[in-house]
2 protein chains.
Amino acid sequence: MTQEYDVIVVGAGHAGCEAAAAAANLGSKVLLITMNMNTIAQMSCNPAMGGVAKGQIVREVDALGGQSGIITDKTMIQFRMLNRSKGPAMWSPRAQSDRMRFAEEWRLTLEGIANVDFWQEAVTGLLVEGDVCVGVRTQLGIEFRSKTVVLTNGTFLNGLIHIGEKNFGGGRAAESKSTGITEQLRDLGFETGRMKTGTPPRVDGRTLDYARMEEQPGDEEPSKFSYLDTPRLAKQRPCYITYTNEKVHDILRTGFEKSPMFQGRIKGLGPRYCPSVEDKINRFADKDRHQIFVEPEGWSTVEVYVNGFSSSLPEDVQYNALRQIAGFENAKMFRPGYAIEYDFFPPTQLHLTLETKPVRNLYFAGQINGTTGYEEAACQGLMAGINAHLRVREQEPFVLRRSEAYIGVLIDDLVNKGTDEPYRMFTSRAEHRILLRQDNADLRLTPLAHKLGLASDERLQRVEQKRQQTADVLEYLNKKAVEPGEINGLLVELGSAPISEKTRAVNLLRRPQIELTDLQRALPELSQYLGTYGAEALEQASIHVKYETYIEKENQQAKRMGELEDVRIVGRLDYKQMPALSHEAREKLLRIQPETIGQASRISGISPADISVLMVYLGK
Amino acid sequence: MTQEYDVIVVGAGHAGCEAAAAAANLGSKVLLITMNMNTIAQMSCNPAMGGVAKGQIVREVDALGGQSGIITDKTMIQFRMLNRSKGPAMWSPRAQSDRMRFAEEWRLTLEGIANVDFWQEAVTGLLVEGDVCVGVRTQLGIEFRSKTVVLTNGTFLNGLIHIGEKNFGGGRAAESKSTGITEQLRDLGFETGRMKTGTPPRVDGRTLDYARMEEQPGDEEPSKFSYLDTPRLAKQRPCYITYTNEKVHDILRTGFEKSPMFQGRIKGLGPRYCPSVEDKINRFADKDRHQIFVEPEGWSTVEVYVNGFSSSLPEDVQYNALRQIAGFENAKMFRPGYAIEYDFFPPTQLHLTLETKPVRNLYFAGQINGTTGYEEAACQGLMAGINAHLRVREQEPFVLRRSEAYIGVLIDDLVNKGTDEPYRMFTSRAEHRILLRQDNADLRLTPLAHKLGLASDERLQRVEQKRQQTADVLEYLNKKAVEPGEINGLLVELGSAPISEKTRAVNLLRRPQIELTDLQRALPELSQYLGTYGAEALEQASIHVKYETYIEKENQQAKRMGELEDVRIVGRLDYKQMPALSHEAREKLLRIQPETIGQASRISGISPADISVLMVYLGK
Ligand SMILES: Cc1cc2nc3c(=O)[nH]c(=O)nc-3n(C[C@H](O)[C@H](O)[C@H](O)COP(=O)(O)OP(=O)(O)OC[C@H]3O[C@@H](n4cnc5c(N)ncnc54)[C@H](O)[C@@H]3O)c2cc1C
Ligand SMILES: Cc1cc2nc3c(=O)[nH]c(=O)nc-3n(C[C@H](O)[C@H](O)[C@H](O)COP(=O)(O)OP(=O)(O)OC[C@H]3O[C@@H](n4cnc5c(N)ncnc54)[C@H](O)[C@@H]3O)c2cc1C
């Protein structure tokens with residue numbers, strides 16, 4: 001009853017949705033199979049996108065022609081640019097979304113892509129012939145055949161939910177777990193592991209006393225994620241901040257003896273940087289309070305997400321502790337927090353394309369690769385979708401370098417280092433982070449996506465215009481000379497040394513106290529000239545001037561690394577025949593099979609000496 | 001961790017939502033517990049409300065202060081008044097809703113009621129002390145206590161889904177079944193049974209060829225359900241009509257040997273008037289085609305509901321047969337149709353208040369009482385919610401008579417006759433149907449609801465105004481004399497005999513060919529006078545004039561029946577001590593314990609002779 005597809009995507013979470021959209025938009029015939037079409041792109045945990053390093057990823061997804069940024073823009077209820085006071089490498093967009101709108105918008109977006117077909121059911125196994133994946137089998141026993149398969153099962157594989165001493169199967173609250181796939185892949189030689197994650201209770205906003213909390217409004221001039229003309233927020237909903245206290249901690253401690261984590265019932269490792277509240281009070285026993293963000297779940301619903309209070313303690317302990325928090329004295333819960341354990345596949349079993357090494361034409365993306373977070377999932381889905389499509393067309397794979405994108409860092413880390421605990425992105429993971437800014441993801445990536453056919457001509461044009469305008473502005477600033485009389489008043493006012501002779505605008509802008517807007521304020525002619533340029537180009541030029549040296553240095557570094565990256569080794573070396581390699585290096589190289597010297601150099605346990613050996617063998 | 005509630009409602013389907021809203025709006029503290037807060041008021045089957053007899057029920061629910069009408073008005077994408085060409089007793093409003101909007105609107109409505117609290121979890125048992133229900137127990141073992149409990153589990157109790165030879169537990173596609181409650185109630189002495197229902201496949205609207213079907217647009221001047229100022233539809237989405245054919249039937253027949261229904265794997269009886277397509281071709285073997293309504297699931301989604309093609313045959317048989325339907329040649333399915341079997345409680349175990357006889361303060365509403373349909377469920381929920389609240393306040397119960405409302409007919413039928421197959425409402429079930437029209441539900445019921453405190457003052461005012469205006473219009477029509485010269489042209493034009501002398505307007509309007517709008521057209525003075533009255537009052541007056549004799553007769557009948565209804569017998573008769581009763585009558589009376597002579601007279605197996613016996617004992 002079914003046609004053969006180019007790409008079958010299993011699961012419609014953040015990874016699956018991006019994968020399906022990308023492959024289909026590139027021209028592949030795609031079937032998206034998911035357990036429940038009413039939960040497409042469900043936000044399992046907090047109703048927010050972006051944040052530090054994650055926001056950069058969403059911008060990159062957008063620059064590449066993905067959908068997450070557009071959908072967030074259309075459905076957000078609050079926007080904040082985090083870390084504005086730090087350097088531009090740290091600026092990180094973050095949005096609260098309306099949970100229902102977000103899911104609905106994703107579904108309608110997918111329905112709007114002609115090449116995406118849908119099937120609602122659980123996949124229970126893969127069709128594998130030899131070492132090639134050729135489709136999937138569903139719970140009803142239906143076989144759907146395809147040239148490639150992208151698995152994005154999220155937290156569903158043998159999902160086990162824990163609350164206090166109770167546990168039961170489930171992929172998410174009120175949803176079934178998925179069985180069969182892990183078992184089959186294990187038989188096919190895959191290694192699998194267990195991880196865990198958790199979520200806080202949801203509470204009834206009508207029972208909170210916001211007067212006892214700090215209001216956290218959105219930015220006064222909210223920005224957004226997409227480089228396209230998505231709507232800008234006109235009104236926003238505020239979040240609120242409150243704190244736990246010793247009383248809260250004391251009550252939580254009474255539940256420790258029933259904690260599935262502390263008592264060892266949970267075997268999987270959890271996300272270190274997104275700990276449960278019991279974990280926090282256990283690990284940081286000296287801290288007498290922890291911050292709680294009180295986040296609305298949408299424009300109109302009264303449901304509220306208690307960010308920072310993730311817990312798998314017994315529900316009455318959660319409840320009693322919650323009620324000791326300022327503003328939560330009369331709080332009612334809709335449901336308790338819980339932890340979930342699920343199967344993942346150590347990602348060292350993947351190529352950089354996210355294709356699995358043991359089985360060809362099979363791709364993994366999202367949480368099943370040991371990551372955590374919507375953004376991490378979405379960008380993997382995008383890359384897997386692109387690469388599955390390219391495989392179908394027998395074209396060169398699409399891999400991003402560490403110097404090109406956080407996405408490159410993420411996948412390179414996963415494949416080369418693997419991960420024992422849920423991997424989330426941080427700016428510190430990116431050695432070239434001064435290059436990987438949220439403001440230039442379009443400049444970095446859209447041309448690549450356009451070449452693939454995923455970014456529209458319109459997108460490319462915008463990027464080229466921004467690039468050109470930035471160059472024009474830089475040229476102007478380099479030429480424009482400013483007289484002392486024109487500017488000294490301002491300089492003094494801003495605590496910067498006055499000038500004694502004509503000075504180029506660019507040199508004034510280099511001063512840390514001086515922003516481009518300051519120059520615009522003081523210099524009518526400059527202001528008039530720049531007035532014809534877009535805000536993004538002005539910002540871009542300004543960042544270039546201020547961070548020129550860092551950026552230059554990093555570009556050099558990246559270039560050197562790039563050279564290593566260019567030395568391809570796939571299929572060219574027989575590590576067994578290289579006695580000069582350390583034992584550990586030989587073993588790791590055999591297992592990971594790096595595609596370039598650059599990749600080899602990042603495998604943990606490979607020393608510079610080992611790299612030299614390889615270079616010699618490659619005649620470099 | 002929980003307060004004591006007045007009313008706990010288990011399940012947030014159509015019954016549960018109305019129950020929670022009604023009890024809370026009356027002032028009870030309500031806890032609504034449901035498995036998944038994302039599926040509140042999910043339309044399990046077709047995305048439509050109303051229809052013949054069912055539309056009348058929705059109007060009654062609205063007149064009583066329920067929410068289903070308002071929510072349908074706010075979320076509908078098409079409206080039609082069915083049976084316009086028949087008498088006004090048959091006029092039946094029907095709307096297609098946007099499935100997602102409908103569910104969301106219900107959720108937001110409930111969130112907007114201060115007295116409704118929420119808890120997301122499965123209830124697995126009741127707290128019963130002696131023969132009194134005092135709360136519920138959840139899957140996590142949490143005990144919530146309350147003065148009354150309303151159970152509305154729908155199709156979830158031990159739900160078993162069938163597709164061809166496969167079956168698996170579930171309460172609805174992709175949702176878990178509910179266990180524990182049936183078993184406990186059986187232990188408490190409840191009788192239980194199995195029923196089944198089914199749903200058609202959902203298809204991808206992008207793959208249909210609408211040019212090969214008949215378009216079925218909404219009404220040109222769409223009406224609506226609520227008597228309040230809900231919005232009127234400005235644009236609508238059309239449905240389409242197509243037909244099965246011999247080829248379709250032949251293919252379906254190839255699946256009969258795997259049919260769970262025909263092979264006896266399904267034990268429960270299904271809804272006779274909502275048969276599966278295989279049932280239709282089996283029962284009506286001579287019919288060479290059956291009508292299919294192709295209904296969009298919302299404003300923007302491409303998902304389409306194939307009304308008339310409910311099936312539990314193997315999915316490939318469904319698919320291949322579907323593709324033989326005109327317009328479906330390239331159809332793709334999102335998911336196959338299926339049948340579901342579930343537990344119900346024979347409703348003869350209920351009082352007319354929907355309280356159970358074996359356990360006090362426990363109420364049942366909706367599909368678990370052996371009914372089918374959203375409307376049937378919603379109105380039971382409303383009545384159970386009202387009565388649970390009245391019990392909490394120790395006030396007189398609220399029961400509607402058969403002559404007052406379809407709701408009265410429905411509950412009276414259930415309680416006195418029981419049902420072996422899913423019960424759905426028909427106009428033919430209501431002996432007083434000429435009184436129970438969709439146009440006068442407000443006149444019939446709003447005053448009662450206002451007395452309870454459920455209908456707002458605004459509602460009552462509107463009703464009183466409509467009643468007064470109707471009386472004014474009738475008085476005017478009775479007085480207004482028309483000259484032959486003014487009207488004979490029109491009469492001849494409409495094929496009605498001309499008049500030879502002054503005639504009262506009311507007498508002209510009595511003529512079947514003449515509508516009030518005709519008189520308005522021909523008589524400027526009348527037109528001007530009536531112009532100041534609302535459309536509803538004009539319609540009401542017109543119906544009164546045209547159907548006066550029927551209405552009068554029916555009112556007499558109802559009054560006579562009402563007298564029997566007024567003879568209460570609760571606790572006054574010892575049937576065992578009445579040898580004059582037939583054996584069957586004695587047994588049934590003992591079991592059902594009718595509350596009035598009227599109710600006793602409708603119990604199947606009770607003869608007029610038995611009633612006479614009872615009257616003697618009661619000294620009448
Ligand atoms: C309880 C909980 C707490 C979390 N807490 C955090 C947190 O604190 N911080 C954080 O960053 N992230 C957290 N997450 C993780 C975040 O939800 C995920 O990272 C993200 O949703 C992963 O996206 P995904 O696309 O990989 O998978 P998911 O969003 O889980 O989507 C998986 C999809 O696959 C479908 N599916 C699964 N199996 C099958 C099958 N066999 N057949 C068909 N369809 C199938 C599912 O129905 C679903 O649509 C949490 C998740 C959960 C469940
Ligand atoms: C497959 C299918 C086909 C149908 N076909 C037709 C048809 O052809 N014609 C027709 O008129 N009607 C049909 N119906 C019936 C229609 O859906 C119901 O009549 C109507 O929805 C009943 O409303 P309800 O409120 O009684 O129950 P439901 O709408 O079923 O709601 C039950 C609610 O209770 C919750 N729940 C159940 N158990 C528990 C528990 N233990 N704890 C907490 N929450 C619980 C559920 O999550 C759900 O929210 C069909 C239903 C199904 C599932």
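Chain letters run A, B, ... following the sequence lines, proteins first and then strands; every chain starts at 1.
- Contact annotation for A:Glu121: neither backbone nor side-chain heavy atoms come within less than 4.5 Å of a heavy atom of chain B.
- For chain B, the option among A:Arg335, A:Arg206, A:Met35, A:Arg323 with the highest count of heavy-atom pairs below 4.5 Å is A:Arg206.
- Interface residue A:Pro336: backbone and side-chain heavy atoms are both found under 4.5 Å from chain B.
- In this structure, chain B has heavy atoms under 4.5 Å from both the backbone and the side chain of A:Phe118.
- Most heavy-atom pairs under 4.5 Å with chain B: of the set A:Glu303, A:Lys332, A:Gln42, this distinction falls to A:Lys332.
- Of the atoms belonging to A:Ser176, it is side-chain heavy atoms, and not backbone ones, that fall under 4.5 Å from chain B.
- Of the atoms belonging to A:Asn38, it is side-chain heavy atoms, and not backbone ones, that fall under 4.5 Å from chain B.
- In this structure, the portion of A:Ala114 lying under 4.5 Å from any heavy atom of chain B is its backbone and not its side chain.
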TODO: Show your working on salt bridge (charged side-chain N to carboxylate O under 4.0 Å, His left out) between A:Arg101 and A:Glu104 and close with a plain yes or no.
DONE: CA-CA 5 Å; A:Arg101 283 285 88 67; A:Glu104 185 181 17; 3.0 Å; yes
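- A donor-acceptor contact closer than 3.5 angstrom is absent between the side chains of B:Thr109 and B:Gln67.
- Between the side chains of A:Thr124 and A:Gln139, not a single donor N or O lies within less than 3.5 Å of an accepting N or O.
- Across A:Glu165, A:Met100, A:Arg99, the residue that shares the most heavy-atom pairs under 4.5 angstrom with chain B is A:Met100.
- For A:Lys247 and A:Asp250, the salt-bridge test fails: no basic side-chain N is under 4.0 Å from an acidic carboxylate O.
- Contact annotation for A:Leu32: neither backbone nor side-chain heavy atoms come within less than 4.5 Å of a heavy atom of chain B.
- For B:Lys258, the NZ atom counts as loosely surrounded, since its 6.0 Å shell holds 12 or fewer non-hydrogen atoms of other residues, nucleotides or ligands.
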Task: Verdict with reasoning, B:Glu105 to B:Thr75, per side-chain hydrogen bond (donor to acceptor under 3.5 Å, both in side chains) - done: CA-CA 8 Å; B:Glu105 195 62 44; B:Thr75 60; over 6 Å; no
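- Contacts of A:Leu140 with chain B are made by both backbone and side-chain atoms, with heavy-atom separations under 4.5 Å.
- Within the 4.5 angstrom heavy-atom criterion, no atom of A:Arg172 approaches chain B.
- Between B:Glu315 and B:Lys166 there is a salt bridge, with a side-chain nitrogen of the basic residue lying less than 4.0 Å from a carboxylate oxygen of the acidic one.
- Ranking A:Thr39, A:Ile163, A:Asp204, A:Asn320 against chain B, the residue ahead of the rest is A:Ile163, based on heavy-atom pairs under 4.5 Å.
- Under a 4.0 Å N-O distance rule, the pair B:Asp6/B:Lys29 does not qualify as a salt bridge.
- Per-residue counts of heavy-atom pairs under 4.5 Å with chain A were compared for B:Asn36, B:Ile33, B:Val302; the largest is that of B:Val302.
- Other residues, nucleotides and ligands contribute more than 12 heavy atoms inside 6.0 Å of the CD atom of B:Glu329.
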